[in-house]
Every structure is written in C-alpha cells, then in structure tokens.
Amino acid sequence: MEAVRNEQGEFLDFIFAYINPAGADILGQPTDALLGRSYLGFFSEAVSSGLLATYRQVLETGKAIRVPEVHYAADGVNGWFDLSINRYGDAVAVTFADISSTKQAALEAERQSRYMDGIFNVTSEAIYVLEAVRDGGAKAGSGSIVDFRYQHVNQAFERMFGTQADAIVGRNYLVLYPTVKSSGLFDKFCAVVETGQSFQQEIFYDGEGIRGWYELTVVKLDDGVVGTTRDITVRKQAQLESQKQAAFRNQILQISSSGIIAYQAIRSPEGVITDFRTVFFNQAYEQIFNESAERIAGHTFRERFVDGTGIELFNFYVTVTETGKAFRRDRYYPHLGKWLNLAGTQLEDGFMIIANDITTLKRATEQLQTVIDQAHTGIIMIRPVRAVNGGQIEDFTISLVNRSQADYLGRATGELVGQIASKYFTTYKLNGLFDRYRQVIETGEPQHFEHHYEGDGIDAWVDIQAIPLNGEVLITFWDHTAMKSLQRQLEDKVSELSKANSNLQQFAYAASHDLQEPLRKVQSFCDVIVEQYGPQVGEDGRDMMRRMQGAAGRMQVLIRDLLAYSRTATHQQALDPVDLNRVVGNVLADLDVTIQETNAQIRIGSLPVLPGDASQLGQLMQNLLSNALKFRRQDVTPVINIEAKEVPLNALPESLQLRRGRYVAITVHDNGIGFDTRYEDRIFGLFQRLHSRSQYEGSGIGLAICKRVAENHGGMITVDSKIGDGTLFTVYLPM
C-alpha cells in the first residue's frame, strides 16, 4: 500500500498498489476492484481499530511490526488475522493469514477451561488430581507406585480439610496423609491407576487432625487419579444413630410382653386392598396366638384368618388403613380360649396391632363383678367429665354399678354404665352430693357422711362413703332409713327416760326428806316417852321404845344408802382429772375414829391421777375400806393394803379387752374374815347380805354402789376371797 500525501508532504491515506489472489480472497473482493482504491475508503474501521496508526508507524519509522492477533469485523470482513508489516520506500507491505478457526478453537478451549474451573470450585465436593510417583522416577506403566503428588485441588478441598492449595499442590500424598497407608486407602488408589477400574466407597478417616465419614469416588486420569470427596459425617452419624435406635426399638419390641404385628396392604392394579402382608411381629405375638413364626411370616392375613369372622376383621382393618382411625377393644378368641385386648392404628400403607392377653384379668373382673353384685350395699363408680379445655369438672359418667344399686334405682346395670350421672340423679347437683364427689377428686381425700336424699323418686337416709380410685370416685350407699326411724324412736325413748330419771331424782330427794322427817319424829317421841314417862310404861315399854328407835335408825341408814345409790345411777359429773391419793386421804380422815378403835394398819402405795368423778370415786373407796374394817377377824389387827399398777391388755378381764386402751388396777386387800367365792356375784347386788344384822351392821347396798361407780367410769370390779384368809377387791379403771 503506497502512501498518499498532500502538497506539503503530509500523510493522508494509502492506496492498494498490489494484492495477491489469497489476499483478495480473504478480503472477499476481486483484485481489480481493490487496486488503486483508497485504504480508508475500503476499511472504514481502520482508524478506530488502530490499524492505520500501526501502518503509519512502520512507514515513518521504517521498523517492521508483527501483530499476531487482530480481530476485524466490518466492511464484509469478520475474522482473526496474523499481520506482518514492513516498509518499502514510501509504501508498506502487509502480509496476513486468516487465523479465525484457530482463534475460535482457542477461545472455545478457554471458555471450556473457565467453565470447568467454575464447576471445579463451585461444587461442595472436594476435588483433587494426583499424579503417580513411581519407583526410581520410572515412566508411566513401568515401576511400582510409591506415592502420589498433588497436581490440583479445588476450593472445596481447602474448606473441607482446612489447608490452602499452595500448601498442598506439588507435595506428596503420603507425606501429608500417612494414615492412608495403614488404612488401605493408598493401595486402592494404586489399583485404580494400574487396572483403570474406578471405585466408590464410604470410609471413616481418623488421622492428621481429620475425623469423620467421607464418600470417595476415584477414577483414573493419565498416570494418576482424579478423586472427589464428600463429607457425609452428619448424615452418617444420623444414619448410624437411626440404625442404633431402630435396633434398640426392635429389641424392645422383641422383649415386650405385648404381642406386636404390622401388616402392609396388598393392592390390585386399581389400588383396591385385596389382602395384607406381614412385615413385622415379635415373639410375644407368636406365644399369644400359638402360631409358629413360619406360618405368620409365610401367610397373608386372609390365609391365616379363614373362620367366619375373618371377613369382618378384614373389612375392619381395611377401614383402619384407609381412614387412619385408631381403635382399642377387647375380643374373645374361641379357638385360643383367650380374651385379648387389641389396640391398633394405621402404619404407612397398612396397620399395626398391639395385643395383650387379658384372660386372667377378664375372669378376675367377672369374679369381682359377681362379688360386687352379691353385696347388699349399693356400689357405683363415677368418672369425672371435664370442660372442653380440660378444666373444671362439669358432671360424672357412671363407669361401674352393682346389682343392688341398679335394683335400688329400678334400672338394669347395662342401662346405667356409660351414662351421665345427672341423667338418673337429677337433683344431685343441688343437694350437695356433686360438690362432695368433686372434692374427692380434687383433694384426693375420702369422705364418709350421712345424707337425706329427697328427689328422683327417693326419700331415704343413706350412709355414703366416697373414696378416690385411679382418677375416679368409688361410692358405696347403705340405706338405713329403717334404722334412722328406729334411732328417732330411741331418741324419743331416751328423752322420755331422761325426763323419768329427772323425775326419779327429784322423787329420791323428796322421798329422802319426807321419809326421814317422820323417822326423826318417831325417834324424838320415843326419847320423850322414855325420859318423861319411863316409870309409867315400865321396863317393857322402855325396851319397846329402844327397839322402835333402832328400827328407825336402820331405816335412816337404808334411806341414806338408797339415796347414794340413786345418785350414782342418775347424776354423774363430767370426768375431770382426779388424784386418788387425795381421795383416799379424805376417806381415811372420815374413818379415823374406826381406824383408831380397831388399831388398823393402812398401807397405801403410789396412786395415779385418773379421769373421773371425785365424789363417786370417794364413795367407792369409802365402801371398800369400810367393809375391810367391818369384816375383820377378832383378836387380829386389821391390815389393809391399797395399791395401783397399769395392767397390760391381755391381763384385763375379757369384756375390757374388747374396748382396748390403757387401764389401771386398784387393789384393796384385807386380812379379814373373807367369804365363800360361791357368793362372788351375789355380794354386788342390792340388799344382798352374807351375814345377819345381829352380826354386822349395814344395808347391803355398799358393794352395789362400788360396782355402779366402776361401770360409770368405763371399768369394772372383781373380788377374790377365801374364808378366814381375807378378801381382795380389784377395781379396773381407764387411764
């Protein structure tokens, strides 16, 4: 191309002076069409592409330039070119070769390389390329592999193993990870290179600070391998834990005493369930159904259950599988002679059953129901019905009722069980019974009370006991209306008797006063007659007067003793602590004259403080001591021993053992005349005497008073005696 200049010699353009056929072909123009034409007129992008400037540089400097890659896309030309530019005089010679195909191949290779690098680094799997290191530096295919050298690792490798590529690439495999030798992983890599067969495996690696489960895929690449590693530690641990849990659950299911079996649905091409296949069962199920594992595992549901109920059961379990509705029920198997409690639920496309042998429980329940039904007491069990949110108790459901209670209500037991209590006891929420039953549930404390039930066609007095039992209330009813009526009659009689006793007491006081006054007058008039009219009546008259006075005196003693006895029967003070030492001391003071006259020796032990009536206990001790002094032996000094000690239960008289409690025995032992024990019961009766009045004075009431006082205090009195060898009185009183 020759330079075109202006008059001043300044460069303006080029014109084509020569072009060979290859150049014309590349430019897509005939040679004649180009020769003599302006360069800038043909190459419109020459300036913007920088080609014109390059040509001028060569023209002006004379220095040749090569441009190995120029892309021109204009003026009917689109391609990559290799240019060489030289100066010839005032012209430039340009040689160029079309390198478009080569350049496009290079660009595609570069694009593919960038694409592969992107994939190489964007994946979450660690990728690495290892080149075999052979013994003695032998070439591929000769010499044994002694190590591998890292050629390339991706970013995922760096993240997974915490090492930068710069510290990995170029270094030997065994140097970085010596554990691969002992684990056998190195030998597997060698086998891939030597045989060309890739391998994929899950391994557990523990070495060089790396511990976990990894999934490896290794393939041959030239004289080495390319491998991918995926960290599956979390998944593997979950899998192992799941397997562990599955094995644990399976072990639990196998050792469970409940029979367990699972079925999977067998469906037709249309999706209809035609049968069920056994997928799991435990040993307890074999034992409960008396079937071998081979029969259970080798037969479908319909093949195992071929009796009349098989179709009914099959249809029921189809419904469970299709609807997912769980169930629980008791069923009797005649061929097994067993009652089974069955609980089932949907399990994927099938169902599972848990079976428990309740034959013993069922029979015991039936026996218990029979026993309950034989009870004359009404028995009913109620279960609380709570509000929807599980809060307050709103009512109760009858869960059990015996025949006596059902008959009392005029209903059948089957009619009552499962019904709301308020349906048959319409007034129980108003009369306080509902509140009591609710308190039993909420507090867990039993209640025992009497209730007058009026309503629901019932008018009765009932004794009710309500106790909590497994979240329910067990109630027993006893209709004691007749007894209540009798009790009222007794209360009326007691009231009448109380009035009669009060009248009797008033009569006793009045009688004692009214009877003693005439006696005092008789005695007084006798004294006057004897003193003033003694000579007139003579000795016989005076003797008669003395006899009248004696009879009147005895009558006074008898009236006084009868009054004392009546007081013990009709007038008992409230029980207060009474010190027997003080009581006995007061009695001895009253008997002081008699004690001195008889020279009696009174020996007193330590006496307790007891709950009682001090006045009555004083009468008791006075009568016992008076008798001991009265019935003494002639010419023998009276000796009386008074002692007290607590008595064990088994040493008490039989009638007191039934009462239980603590008792003390107070003994009064004398050395008097004694008596025949044949008369033991007689001496405690009213007006009973073992001796004539001429021998011993007295009314025969003293020991009767002692017996009454002991009984008033919840105790009793006994006697042991022998003629000529004294008497022992024992009074048992509660402590």
Side-chain angles (χ1 to χ4, degrees), residues 105-106 108-244 246:
E108 179 63 21
E110 184 181 352
R111 188 182 69 80
Q112 290 291 336
S113 178
R114 290 196 303 272
Y115 177 73
M116 292 304 298
D117 284 344
I119 295 176
F120 193 67
N121 287 312
V122 77
T123 180
S124 61
E125 295 181 350
I127 303 176
Y128 46 91
V129 178
L130 297 175
E131 181 185 24
V133 178
R134 296 182 177 272
D135 188 15
K139 295 182 179 180
S142 62
S144 60
I145 299 175
V146 296
D147 205 341
F148 288 94
R149 184 175 293 110
Y150 277 99
Q151 298 298 310
H152 190 69
V153 297
N154 68 347
Q155 295 175 3
F157 186 98
E158 297 177 338
R159 293 192 299 270
M160 187 176 296
F161 299 107
T163 307
Q164 295 297 317
D166 295 343
I168 294 292
V169 175
R171 299 191 63 184
N172 285 4
Y173 187 41
L174 292 178
V175 173
L176 293 172
Y177 304 107
T179 303
V180 299
K181 186 73 173 178
S182 59
S183 68
L185 190 59
F186 176 77
D187 294 335
K188 292 181 178 180
F189 278 37
C190 293
V192 171
V193 177
E194 300 295 359
T195 66
Q197 294 183 355
S198 61
F199 85 90
Q200 185 175 12
Q201 183 181 348
E202 292 181 356
I203 67 165
F204 179 74
Y205 196 89
D206 188 6
E208 294 79 53
I210 301 171
R211 180 180 175 85
W213 282 92
Y214 300 92
E215 182 181 66
L216 303 183
T217 301
V218 182
V219 298
K220 183 176 179 179
L221 179 66
D222 297 332
D223 192 33
V225 298
V226 57
T228 62
T229 300
R230 183 192 302 272
D231 188 344
I232 60 171
T233 303
V234 175
R235 187 193 67 175
K236 193 68 177 180
Q237 287 176 342
Q239 179 183 351
L240 293 174
E241 182 64 24
S242 177
Q243 292 174 352
K244 179 180 177 182

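Only a predicted model underlies this, so the values are computations on that prediction, with no experimental measurement involved. Reckoned from all heavy atoms, side chains included, excluding hydrogens, waters and symmetry mates.
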* Within-4.5 Å side-chain heavy-atom neighbours: Ile232 and Glu202 -> yes
* Asked: So do Gln151 and Leu221 actually touch side chain to side chain, heavy atoms under 4.5 Å?
  -> no
* Roughly how far apart are Gln164 CD and Gln155 CD, rounded to 0.5 Å? -> 9.5 Å
* Lys181 to Asp187 - nearest heavy-atom pair and separation -> NZ-OD1, 4.4 Å
* With a 4.5 Å limit on heavy-atom distance, are the side chains of Ser183 and Phe204 in contact? -> no
* Is Lys220 reaching over with its side chain to a backbone N or O of Val192, donor-acceptor style, under 3.5 angstrom? -> no
* side-chain hydrogen bond (donor to acceptor under 3.5 Å, both in side chains) against Glu158, all qualifying residues, sequence neighbours excluded -> none
Under 3.5 Å, which donor-acceptor pairs do the side chains of residues 171-179 form with other protein atoms, sequence neighbours left out?
| residue | atom | partner | partner atom | Å |
| --- | --- | --- | --- | --- |
| Asn172 | OD1 | Arg149 | NE | 3.4 |
| Asn172 | ND2 | Asp147 | OD2 | 3.3 |
| Thr179 | OG1 | Glu208 | OE1 | 3.1 |
| Thr179 | OG1 | Glu208 | OE2 | 2.5 |

* Looking only at non-hydrogen atoms, find the nearest pair between Cys190 and Ile145 and report the distance. => SG-CG2, 3.8 Å
* **Distance in Å, Ile210 CD1 paired with Thr163 OG1, rounded so as to fall on 0.5 Å steps** => 7.0 Å
* Structure fact -> One should read off an interatomic distance between Thr229 OG1 and Ile127 CD1, to the nearest 0.5 angstrom, of 9.5 Å
* Taking only residues two or more places apart in sequence, or in another chain, which ones meet Asp166 in a side-chain hydrogen bond (donor to acceptor under 3.5 Å, both in side chains)? -> none
* Exercise: identify the closest heavy-atom pair between Val153 and Ala165 -> CG2-CB, 3.6 Å
* Is the closest side-chain heavy-atom distance between Lys188 and Leu216 below 4.5 Å? -> no
* Asked: When rounded to the nearest 0.5 angstrom, what distance separates CZ in Arg134 from CZ in Phe148?
  -> 8.0 Å
* **Side chain proximity check, Arg230 to Arg235, heavy atoms < 4.5 angstrom** => no
* Asn154 side chain vs Glu125 backbone, donor-acceptor pair below 3.5 Å -> yes
* Within a strict 4.5 Å, meaning less than it, do heavy atoms of the Phe189 and Val180 side chains meet? -> no
* Would you indicate whether the side-chain heavy atoms of Trp213 and Ile203 approach each other to under 4.5 Å? => no
* Asked: Quick one: ring-ring contact (aromatic ring centres under 6.0 Å, His included) partners of Phe199, sequence neighbours excluded?
  -> none
* Structure fact -> Those residues at least two apart in sequence (or on a different chain) that pass side-chain contact (heavy atoms from CB on, under 4.5 Å) with Ser198 are Val219
* Mind checking ring-ring contact (aromatic ring centres under 6.0 Å, His included) for Phe157 and listing every partner two or more places apart, or none if nothing turns up? => Tyr128, Tyr150, Phe161
